[in-house]
Amino acid sequence: MDQITIDDLRAQPIPPQGHFINGRTCASESGATLDVISPINGQVLTQIAAGTPADMNAAVAGARAAFEDGRWAKLAPSARKKVLLKLADLIEARALEIAVLGVRDNGTEINMALKAEAMSAAATFRFYGECIDKVYGEIAPTAKDVLGLVHHAPVGVVGAIVPWNFPLMIGAWKIAPALAAGNSLVLKPAESASLSLLKIAELASEAGVPDGVFNVVTGKGSVVGETLALSMEVDILVFTGSGATGRRLLEYSARSNMKRCYLELGGKSPNIVFNDTADLGHAAKVSAAGIFRNSGQVCVAGSRLLVQEDIHDEFVAELCRHAEAYRVGDPLDLSSQIGAVHSLPELEANLQFVQTAHDQGAEQRCGGHRILQDTGGYYMSPTVMAGVKETDNLFQNEVFGPVLAVTPFKDEAEALRLANGTVYGLAAGVWTSNLSRAHRMVDGIRSGVVHVNTYGGADLTVPLGGVRQSGNGHDKSLHALKKYFDLKTAWIQL
Ligand code: NAD
């Protein structure tokens, strides 16, 4: 049989999509839908169900019932493992189909979508499936007339709310450990990036996840997201998205059942280049990728470049050469290196950031425009703004688009002060050939990760999370598993 191609998949119509509740696809009880606009060409791709509070409450009730009767929670970990490994296989077998679906929905270029979305999701289900039958309880070192047992108990019903960038990768980082630990789950994808996650819910059911254990409710954050976060039946909330929404979730938690909230939020990550960097050409190339891949729509994007004064002009010119050489275009064309900006409002917000930077005295070194407008899609040229001051909008606030702010510094002390000069603390980069300086910077920068002589490397085995207003949780690695368990103790008098 001939292999299905990207063009075959691109041409397939996508039928209107319902929620996935209690093991079946269903429309919203109101019958309302939302149009899904493809950023590739600005056209309507399909519709998703516009969820209502009643839809969300039905999903949460289903998840609660599934948890209470133990159809998943009380299975042996090895049985849950078997199902999660099968799910990983199913995703891998349909990786191209899933990746193309996601690209049509959210504009990430296909090479990245295949690797960082579909294959990464499969790897995540495999990772947590593999580890779950190796989690042991403990016997506490009490006096001999007592037995103190420490169990890992699933928390119950997990509410997960995820953003539109890398929905599948980030979704899997939450779904896989939550299910592995024996919880039931209700997932609320971003309204503009639901399609690939709905597909994963179907495949999970095919792999053997029992009905009601994994539910997906689509629709607006202010409606179904809010209902999920306010629910008295949701035990923990795991979230990736903006700080503004994260702040609301903490309020909803306080107003309802004080559920624990794990928040993965935005960033304004500094990438610091010292004049003793061994290979400045390489640093410029990697720094360009660190901000411009996926059109800058990466939470850990190195969006503030801090460069030592005496190499500033040369380094920025080299970085702009890389920025201008990127092939921006149709994300389903394998030769494109950068795809579309996710939506028209996002594109307009990016351009507004550039305008405000101009108004505040920054100098545009490259990019700054909407491009390929004749396609109807949302594309923007990689943009470098130099001379950005500490007090400027572009220095302080996350763009979440392909816009780099450049600020010069004199010495290490000033670099560190500038690096820590925002409310965020997600990621950072340091380029230097001085090992002691590298360690001092790793120690001094207040962020979840500091890359040294590279930018943006990551692996499933390494936790990802922010500090300060970039959040309080960690996805990935064995550390992430902990939040899906409660520690439950038994005190047995012998
Ligand atoms: P967003 O906060 O607008 O939306 C995220 C999710 O929250 C969506 O599903 C949305 O529908 C939902 N939501 C919105 N309002 C809600 C409400 N009132 N109640 C409940 N849910 C609500 O974020 P976004 O624009 O989708 O994503 C971009 C942001 O995510 C950026 O700030 C980015 O840095 C951040 N992000 C962080 C990480 C990380 O690991 N720290 C990873 C990726 C993205």
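From a predicted model like this one, the values you see are computed outputs, not experimental measurements. In listed order, ligands and their atoms are each counted from 1.
Given atom 23 (O) of ligand 1, the protein heavy atom at minimum distance is Ser242 N, 3.3 Å. Nearest non-hydrogen protein atom to atom 44 (C) of ligand 1 is Asn165 OD1, 3.2 Å. Of the protein's non-hydrogen atoms, Pro163 CB, 3.3 Å is the one closest to atom 27 (O) of ligand 1. Atom 18 (N) of ligand 1 has as its closest protein heavy atom Tyr252 OH, 3.1 Å. Protein heavy atom nearest atom 17 (C) of ligand 1, with residue, atom name and distance: Gly221 O, 3.3 Å. Protein heavy atom at the shortest distance from atom 32 (O) of ligand 1 is Glu398 OE1, 2.6 Å. Nearest protein heavy-atom neighbour of atom 12 (C) of ligand 1: Ile161 CG2, 3.6 Å. Ranking protein heavy atoms by distance to atom 33 (C) of ligand 1, first place goes to Phe400 CE1, 3.3 Å.
Close approach of ligand 1 to Phe239 (heavy-atom distance below 4.0 Å) involves ligand atoms 2 (O), 5 (C), 6 (C), 7 (O). Of all the atoms in ligand 1, the ones that sit under 4.0 Å from a non-hydrogen atom of Gly266 are 32 (O), 34 (O).
Nearest heavy atom pair, residue Glu109 against residue Ser336, reads OE1-O, 3.7 Å.
At a heavy-atom distance under 4.0 Å, only side-chain atoms of Leu426, from C-beta outward, approach ligand 1. Counting heavy atoms closer than 4.0 Å to ligand 1, residue Ile170 contributes side-chain atoms (C-beta onward) but none from N, CA, C or O. Of all the heavy atoms of Phe166, none lies under 4.0 Å from any atom of ligand 1, so neither backbone nor side chain is involved.
Between Asp486 and Arg260 there is a salt bridge, since a side-chain N of the basic residue sits under 4.0 Å from a carboxylate O of the acidic one.
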For this session: With side-chain hydrogen bond (donor to acceptor under 3.5 Å, both in side chains) as the test, would you mind laying out the steps for Asn294 and Thr108 before giving the verdict?
Result: CA-CA 6 Å; Asn294 202 35; Thr108 293; 3.0 Å; yes

For this session: Test Trp431 against Asn271 for side-chain hydrogen bond (donor to acceptor under 3.5 Å, both in side chains), laying out the working first.
Result: CA-CA 8 Å; Trp431 296 85; Asn271 181 26; 2.9 Å; yes

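Within the structure, the closest approach of Ala229 to ligand 1 does not fall below 4.0 Å when heavy atoms are considered. The shell of residues lying under 4.0 angstrom from ligand 1, judged by heavy atoms, excludes Val224.
Some N or O of Trp164 is nearer than 3.5 Å to an N or O of ligand 1, by distance alone. Considering backbone and side-chain N/O atoms, Lys220 never comes within less than 3.5 Å of an N/O atom of ligand 1. No N or O atom of Gly219 sits closer than 3.5 Å to an N or O atom of ligand 1.
With hydrogens and angles disregarded, no donor-acceptor distance shorter than 3.5 Å links the side chain of Asn393 to the backbone of Thr356.
Of all the listed residues (Val223, Leu228, Leu265), Leu265 holds the heavy atom that lies closest to atom 37 (C) of ligand 1. Compare Gly225, Cys299, Gly473, Gly241 by their heavy atoms: the one nearest to atom 35 (C) of ligand 1 is in Gly241. Looking at Thr245, Val162, Leu464, it is Thr245 that brings a heavy atom closest to atom 16 (C) of ligand 1.
With rounding to the nearest 0.5 angstrom, the CZ atom of Arg304 is 10.5 Å from the OH atom of Tyr424.
Within the 4.5 Å cutoff, no side-chain heavy atoms of Trp173 are placed close to those of Glu264.
No side-chain N or O of Glu346 forms a donor-acceptor pair with one of Asn350 less than 3.5 Å apart.
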